[in-house]
> 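First the structure, which I've put down as structure tokens, then a few questions once you've had a look.
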Amino acid sequence: MDAPLHEWNLEPAEAIALQKRLATRLELADRIDEVAYIAGVDIGFEEAGEITRAAVVLLEWNEIKAPTLEVVEQVIHREPTRMPYVPGLLSFREIPAALGAFAKLSQTPQLVMVDGQGIAHPRKLGVAAHLGLWLDLPTIGVAKSRLYGRFEPVGEQRGDWSALTARGETIGAVLRSREKVKPIFVSPGHRLSLATSLDWVTRCLGRTKLPEPTRLADRLASRRDEKRRKASVEPTRDA
DNA sequence: GCGACAG
DNA sequence: ATCTTGTCGC
């Protein structure tokens with residue numbers, strides 16, 4: 001599951017060339033198995049950015065008796081940070097750690113939701129698309145802000161969305177996942193169409209802005225989570 | 001040449 | 001992303 005170093009420690013120009021090559025291998029038509037497990041992935045940083053912390057949350061999908069999502073596994077993987085953040089090259093900074101976390105998972109999900117862009121990227125290879133190719137699994141990019149593409153204002157109702165376009169084609173959707181809250185950016189990563197991607201994100205939506213897989217992974221990857229779990233076991237003076 | 005710019 | 005407390009609003 002480990003990736004050869006030469007695949008990640010690249011100079012910007014080389015990374016860009018690789019992205020263009022990999023993008024041609026993306027599948028944007030649905031090729032997905034029956035979904036039993038959905039994974040959420042996100043990356044956080046510790047020690048002033050010296051350590052990269054990848055988090056993966058595995059949820060069980062239940063179509064029957066009211067769509068339910070239950071957390072069945074959570075894994076965290078830490079390793080030294082290898083690249084700085086460069087807009088457009090995010091995957092080279094985050095994927096190595098994400099793969100380390102996936103290696104610790106005891107079950108393989110049929111669908112993966114990633115915090116970041118899918119094909120809504122200058123070279124169609126956002127972190128979700130890149131990870132999808134590496135895992136050979138269907139992936140969806142769920143970003144909190146825009147990286148690439150143009151769009152018209154989104155409706156105010158939950159579920160409303162507008163196309164994210166670039167170079168004359170639709171590369172994603174700006175979705176109002178919750179009323180009165182800034183919309184999220186959904187784009188296919190690998191092995192999925194935009195329609196199916198939107199479908200799954202919508203189905204995984206709770207009462208919050210982010211879909212459950214990404215929301216939980218986001219929480220687990222953040223340092224806020226340390227304080228969170230610590231507070232639950234630390235003695236409280238008013239207890 | 002001047003901005004924009006996931007996390 | 002991360003540094004950080006209280007606070008305004010549904």
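If you're wondering where the values come from, they're calculated on a predicted model, not measured in any experiment. Naming: A, B, ... by sequence-line order, numbering from 1 per chain. All values below were derived from every heavy atom in this structure, side-chain atoms included, with hydrogens, water molecules and symmetry-related copies excluded.
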> Would one find more than 12 heavy atoms of other residues, nucleotides or ligands at under 6.0 Å from atom NZ of Lys20(A)?
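Result for NZ/Lys20(A): open.
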> Considering only heavy atoms from C-beta outward, does the side chain of Arg176(A) approach that of Arg158(A) to under 4.5 Å?
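Of all side-chain heavy-atom pairs linking Arg158(A) with Arg176(A), none is under 4.5 Å.
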> Return yes if a side-chain donor-acceptor contact under 3.5 Å exists between Thr52(A) and Thr81(A), otherwise no.
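Side chains of Thr52(A) and Thr81(A): pair found under 3.5 Å.
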> Less than 4.0 Å between a side-chain N and a carboxylate O, is that true for Arg207(A) and Glu212(A)?
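No, this pair does not count.
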> Before accepting this row, confirm whether a basic side-chain N of the pair Arg215(A)/Asp42(A) lies closer than 4.0 Å to the acidic partner's carboxylate O.
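Between Asp42(A) and Arg215(A) there is no salt bridge, as every charged N stays at least 4.0 Å from the carboxylate O atoms.
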> For nucleotides 2-7 of chain B, read 5' to 3', which letter fits each nucleotide if B means a protein heavy atom sits under 4.0 Å from the base, S means only the sugar-phosphate is that close, and - means neither?
--SBBB
> Sugar-phosphate means primed atoms, P, OP1 and OP2; the rest is base. With that split, encode nucleotides 4-10 of chain C 5' to 3' as B, S or - using protein heavy atoms under 4.0 Å.
-------
> Tell me whether Arg191(A) is salt-bridged to Glu27(A), with the criterion being a basic N under 4.0 Å from an acidic carboxylate O.
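No, no charged N to carboxylate O under 4.0 Å.
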> Tell me if the centroids of the rings in Phe102(A) and His77(A) come within less than 6.0 Å of each other.
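When the ring centroids of Phe102(A) and His77(A) are compared, they turn out to be at least 6.0 Å apart.
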> Measure the distance from CZ on Arg53(A) to C1' on dT2(C) and round it to the nearest whole Å.
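Spelled out: CZ on Arg53(A) to C1' on dT2(C) is 13 Å.
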> Hey, are the side chains of Arg219(A) and Gln74(A) touching, using non-hydrogen atoms and a 4.5 Å cut-off?
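Of all side-chain heavy-atom pairs linking Gln74(A) with Arg219(A), at least one is under 4.5 Å.
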